[in-house]
Enquirer: 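A single structure is presented below for examination.
Count residues from 1 along the sequence.
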Amino acid sequence: QVQLVESGGGLVQAGGSLRLSCVASGRTFSSYTMGWFRQAPGKEREFVTAITRSGTRTFDADSVKGRFTISRDNAKSTVYLQMNSLKPEDTALYYCAARGSGYYDTAPEQYPYWGQGTQVTVSS
């Protein structure tokens, strides 16, 4: 089992940047494929991006390609989400999630472990 704690959210103007962090504790962090999801009010939780256990491959939702970058530091048990060129439609509660499989998945139900979320608000 793994516990996840996100940080780094906040209020930013459109066009700005934020960097989210998610620190894991418990089982070996490098055993997990990690993902970031987000949920806006009144909407379903949606896939943002994911990274494989070694960090060699990443997968992005079309809505964030070219703007968001996921990375991980297995020595620090941390996954990051660098968000650039933020838009008001990026406003949401952002969650990191972990799954034991070596492959990513875009479905939230495929990730058994979740953090509590960190709020990102982008003003226009």
Enquirer: Donor-acceptor pair, distance only, cut-off 3.5 Å: does the side chain of N74 make one with the backbone of R53?
Expert: yes
Enquirer: Can you measure from SG (C96) to CD1 (I51) and round to the nearest 0.5 angstrom?
Expert: 12.5 Å
Enquirer: Could you measure the distance from the NZ atom of K43 to the CG atom of L93? Nearest 0.5 Å is fine.
Expert: 14.5 Å
Enquirer: Might you point out which heavy atoms bring C22 and L4 nearest each other, and give the distance in Å?
Expert: SG-CB, 3.9 Å
Enquirer: Looking at T33 and R72, what are the two nearest heavy atoms and their distance?
Expert: CA-NH1, 4.3 Å
Enquirer: Check the side chains of Y94 and R38 for a donor-acceptor pair under 3.5 angstrom, ignoring hydrogens and angles.
Expert: yes
Enquirer: Short question: side chain of T56, backbone of S54 - any donor-acceptor pair under 3.5 Å?
Expert: no
Enquirer: Would you give the length of the straight line joining atom CD of E44 to atom CD of E46, rounded to the nearest 0.5 angstrom?
Expert: 10.0 Å
Enquirer: Just how far is it from atom OG1 of T118 to atom CH2 of W36, taken to the nearest 0.5 Å?
Expert: 7.5 Å
Enquirer: Taking it one step at a time, do R45 and W114 satisfy side-chain contact (heavy atoms from CB on, under 4.5 Å)?
Expert: CA-CA 12 Å; R45 193 169 298 190; W114 292 82; 3.3 Å; yes
Enquirer: Answer yes or no: are there more than 12 heavy-atom neighbours, outside E109 itself, under 6.0 Å from its atom CD?
Expert: yes
Enquirer: Which residue pairs pass the ring-ring contact (aromatic ring centres under 6.0 Å, His included) test with at least one member in residues 55-77, sequence neighbours excluded?
Expert: F59-Y103, F59-Y104
Enquirer: Do L20 and M83 have side chains that get closer than 4.5 Å, going by heavy atoms?
Expert: yes
Enquirer: Return the CD to CD distance between Q119 and Q39, rounded to the nearest 0.5 Å.
Expert: 11.0 Å
Enquirer: Of all heavy-atom pairs between S124 and P88, which one has the smallest distance, and what is that distance?
Expert: CB-CG, 3.8 Å
Enquirer: Are the side chain of S77 and the backbone N or O of V23 linked by a donor-acceptor pair below 3.5 Å?
Expert: no
Enquirer: State the CD-CG distance between Q82 and L18, to the nearest 0.5 angstrom.
Expert: 8.5 Å
Enquirer: Please report the closest heavy-atom contact between N84 and S17, naming both atoms and the distance.
Expert: OD1-OG, 2.9 Å
Enquirer: With S123, which residues qualify under side-chain hydrogen bond (donor to acceptor under 3.5 Å, both in side chains), at least two apart?
Expert: none
Enquirer: With hydrophobic residues grouped by side-chain heavy-atom distances under 4.5 Å, do V48 and L86 end up in a single group?
Expert: yes
Enquirer: What pairs with K65 under side chain to side chain contact (heavy atoms under 4.5 Å, CB included), at least two apart in sequence or on another chain?
Expert: D60, D62
Enquirer: Is Y80 linked to V120 within one hydrophobic cluster, defined over Ile, Leu, Val, Met, Phe, Trp and Tyr using a side-chain heavy-atom separation of less than 4.5 Å?
Expert: no
Enquirer: Looking at E6 and Y95, what are the two nearest heavy atoms and their distance?
Expert: OE2-CA, 3.3 Å
Enquirer: Step through the shown structure and confirm whether more than 12 heavy atoms of other residues, nucleotides or ligands are within 6.0 Å of CD on Q116.
Expert: yes
Enquirer: Are Y32 and I70 grouped together when hydrophobic residues (ILVMFWY) are joined by side-chain heavy atoms under 4.5 angstrom apart?
Expert: yes
Enquirer: Of the non-hydrogen atoms in V79 and F29, which two are nearest, and what is the gap between them?
Expert: N-CZ, 4.0 Å
Enquirer: Check whether any side-chain N or O of R99 sits under 3.5 Å from a backbone N or O of Q110 as a donor-acceptor pair, and report yes or no.
Expert: yes
Enquirer: For D105, is there any backbone N or O sitting under 3.5 Å from a side-chain donor or acceptor partner on Y111?
Expert: yes
